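Because the structure is a prediction, the values reported are computed rather than measured. Residue numbers start from 1 in every chain, and the chains themselves are labelled A, B, ... in the order their sequence lines are given, proteins ahead of strands.
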Amino acid sequence: MELIFLGNKRPPIMLYQLRQDLITGLRDATADAGYDYEIDISDIEVEDVTDEEKGEFSSPLSFSIAADAGEPPVAVAESIADAHRANGLPDGIETVSVEGGHINYHADRSALASETLSVILEEGTEYGTRTVAESDTILADVSSPNIAKPLHVGHLRNTILSDAVMNVLEARGHDVTRDNHLGDWGVQFGNLMHEYTEFGNESDFESDPIEHLLDLYQQFEQRDSMLEDLEENEPVTDRFRESVEEEREYHAESGKEWFARLEQDDEQAVDLWETFREVSIDRFEETYADLDVDFDIWMGESFYAREGWNDVVIEKALENDVAMRGDGEAVYIPIYPDDYENVGDPNAADVDRSLDRAREMLEESDDLEDADFEPFYIVKSDGSTLYGTRDLATIEYRLQEYDADQSVYVVANEQERYFQQLFVAARKMGYDDIKLKHIDYGLISLPEGSMSTRKGQIITAREVLDRARDRARDIVEEKGRSAEDEIQAVANKIALATVKYEMVASKRARDITFDIDESVSLEGDTGPYVQYAATRGYSILDGADAVPAADQIDPSNFNETDVELLYELARYPIVLERCEERYDAAPLAHYLLELAHVFNSFYHKNQVLEAERARDERLVLTEATTQVFENGLDLLGIDVLEQM
RNA sequence: GGGCACGUAGCUCAGUCCGGAUAGAGCGUCGGACUUCUAAUCCGACGGUCGUGGGUUCAAAUCCCAUCGUGCCCGCCA
């Protein structure tokens with residue numbers, strides 16, 4: 001992908017560009033020194049600026065070359081450094097040295113300082129973003145709550161993580177469509193309709209529809225598991241067992257029937273479903289508004305069922321001979337054990353589309369259980385569809401309507417296996433030109449154990465937000481810096497920062513034990529810590545009449561502390577690059593924390609307004625820092641505050 | 001039985017995907033810094049067999065194999 005820098009005719013002398021230049025230079029120097037060695041990005045490390053000896057960039061490649069060539073590493077390093085010196089170091093690199101076999105490059109700090117500050121202030125909110133010649137069109141499943149249930153902390157993590165990751169992908173130049181892929185279709189709603197028509201209560205529904213529906217859902221599930229227990233555990237008589245079985249089947253069958261009716265557009269079923277859906281969406285929207293997140297589309301699973309997309313993929317699967325028929329009306333795609341391998345990546349995907357293997361296996365034994373493949377069902381024997389059908393339909397739709405390059409799914413890692421199967425099935429269907437990516441994340445549990453909507457052990461998104469707000473308001477009041485009428489607004493922003501930071505600070509794969517008391521703490525490794533640092537920046541800028549232009553300052557006035565902060569700012573685009581690679585926001589969260597720490601340190605050590613030497617320089621540096629705080633926090637969906 | 005993830009300081013976690021020079025933060029503990037641009041802060045100290053055992057390598061927290069522990073998944077549910 002080709003880089004186009006915004007607003008500059010030539011690539012600025014920035015960390016990012018310098019590293020690119022050094023790779024090229026190092027490649028030539030290595031060849032000129034007489035060594036045959038393949039050099040890539042990993043051969044140049046960006047070092048900690050506080051380490052004088054290592055320089056800003058360092059390469060350990062002399063060790064590998066030395067091992068092959070049987071020469072001492074220091075000699076190899078020296079001869080490469082000499083060659084590089086002779087060829088001429090890139091603009092912005094002052095010297096190259098050899099320390100302990102490492103080739104260390106020392107940047108021209110003044111040039112880097114003024115370039116970095118100029119670029120940040122010139123690009124403003126665009127700093128760190130890029131445009132790419134051929135951006136990807138990305139369709140993303142985000143948030144995806146099930147209707148008729150409240151949003152809980154799991155949805156909170158999903159929604160906040162999705163928002164941040166999609167923001168990053170946009171900043172990296174891609175065209176992202178956020179699809180709130182509502183769970184609004186499936187037998188569970190048949191079960192709910194059964195329960196509602198049997199036991200529902202209109203006045204309860206009206207006073208709190210979601211609570212009432214949740215009660216009914218839990219009642220259905222609890223009765224089912226209770227009956228299951230009774231059935232399995234020592235029934236007193238056969239007669240008793242039979243009646244338990246009957247009771248259980250009655251409810252389950254009735255639920256399935258309701259769903260079948262819904263899929264057949266039965267008026268009563270559709271009416272009920274629409275009512276459930278509307279009250280759910282109304283409630284969701286309140287919470288999304290509180291979270292300050294938006295979606296581009298709310299397709300929901302029902303869309304693909306009701307608009308005929310399910311039929312499209314079912315037909316396609318049968319016509320292309322990738323799916324076979326099972327009992328009743330059942331249709332499934334056989335998946336062989338060797339089908340899984342880099343299956344989300346269009347370039348690496350290689351699956352066996354043939355049904356011959358499955359047919360052979362079934363000839364030996366009619367029992368699917370014995371066959372060495374997993375059936376990926378897209379039609380059940382009763383003729384209704386499954387989530388897999390809807391997900392295949394979604395891919396078909398995204399290709400047809402959006403010409404999508406990527407279809408990505410922010411969904412908890414408990415569904416990892418399912419997504420592998422879905423992606424295999426999709427390849428078999430012939431969806432070859434689309435990158436499929438499961439952006440999985442760890443489960444959230446409570447200190448008292450794992451959450452279960454069924455058992456009623458949940459903590460809702462609303463509870464978390466309310467508690468964070470209450471706690472933030474107490475602290476804002478205690479500090480007494482905000483005007484009476486602003487307290488709630490300030491507290492809200494701090495509360496959001498707390499919750500959002502918490503939700504993205506751990507890398508995706510990690511499970512989180514969600515301790516609400518710890519999460520609303522405002523000290524240390526938290527969102528408010530970062531907000532506070534930014535606020536101090538504004539406070540400084542507030543005390544200055546004007547901030548000079550970046551090209552009007554003398555970078556040689558910067559001391560070590562200033563330079564450390566400056567390098568932190570320069571690193572920002574590299575952090576976003578890493579976030580894009582990983583489809584994660586955690587590196588950004590950690591970066592902002594580090595930036596806040598360095599800025600706080602700068603704040604204590606260096607005077608700005610009263611500085612004897614570097615007042616102008618530090619004003620520019622401070623302004624650039626607040627800009628990076630704004631840009632980075634914005635990607636995490638966190639607002640900065642002038643005062644807190 | 002099979003699959004995936006996680007295991008780093010007392011606790012919560014970065015760093016692992018791309019192997020490099022003394023393994024980093026926060027919380028907690030101990031000590032220090034507010035007549036100062038916001039102390040929601042800063043500075044310092046204490047704290048580590050990077051789960052364990054092999055292997056590859058000049059070099060392993062990082063790669064490979066094995067093993068233990070924890071969580072999740074393996075349904076014509078989502």
Asks: Are A:Arg578 and A:Tyr591 in a cation-pi setup, meaning NZ or CZ lies under 6.0 angstrom from the ring centre and within 45 degrees of the ring axis?
Replies: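 No, cation not above the ring by the 6.0 Å, 45° rule.
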Asks: From C-beta outward on A:Leu443, which listed nucleotide comes closest to its side chain: B:C58, B:C72, B:A21?
Replies: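 Within the option list, the nearest is B:C72.
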Asks: If each of A:Glu45 and A:Asp184 is mapped to the nucleotide of RNA chain B with the nearest heavy atom, which maps nearer the 5' terminus, i.e. the 5' end?
Replies: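 Upstream on the strand: A:Glu45.
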Asks: Given that both distances must come in under 3.5 Å, which nucleotide forms a Watson-Crick or G-U wobble pair with B:G31?
Replies: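 Its partner is B:C43.
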Asks: Would A:His102 pass as stacked on B:A21, i.e. its ring centre under 5.5 Å from the base's six-membered ring centre and planes under 30° apart?
Replies: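 So A:His102 counts as stacking on the base.
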Asks: Determine, for nucleotides 24-36 of chain B in 5'-to-3' order, which nucleotides have protein heavy atoms under 4.0 Å from the base (write B), from only the sugar-phosphate (write S), or from neither (write -).
Replies: --SS--------B
Asks: Kindly confirm or rule out a cation-pi arrangement of A:Arg536 over A:Tyr603, judged by NZ or CZ under 6.0 Å from the six-membered ring centre and within 45° of its axis?
Replies: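 Ring-cation test returns yes.
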Asks: Using a 4.0 Å heavy-atom cut-off across all strands, classify A:Asp584 as base, sugar-phosphate, or nothing.
Replies: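 Nothing: the residue A:Asp584, judged by heavy atoms under 4.0 Å, touches no strand.
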Asks: According to the Watson-Crick and G-U wobble definitions, with both distances under 3.5 Å, which nucleotide is paired to B:G71?
Replies: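 For B:G71, the partner nucleotide comes out as B:C4, under the 3.5 Å rule.
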Asks: So which protein N/O to nucleotides 6-11 of chain B N/O distances come out below 3.5 Å?
Replies:
unit_1 : atom_1 : unit_2   : atom_2 : d
B:G7   : OP1    : A:Arg510 : NH2    : 3.1

Asks: Does CZ in A:Arg223 sit with more than 12 non-hydrogen atoms of other residues, nucleotides or ligands closer than 6.0 Å?
Replies: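 Check passes, neighbour count above 12.
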Asks: Under 3.5 Å, is there a donor on one side chain and an acceptor on the other for A:Asp391 and A:Tyr418?
Replies: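 The answer is yes; a qualifying pair exists.
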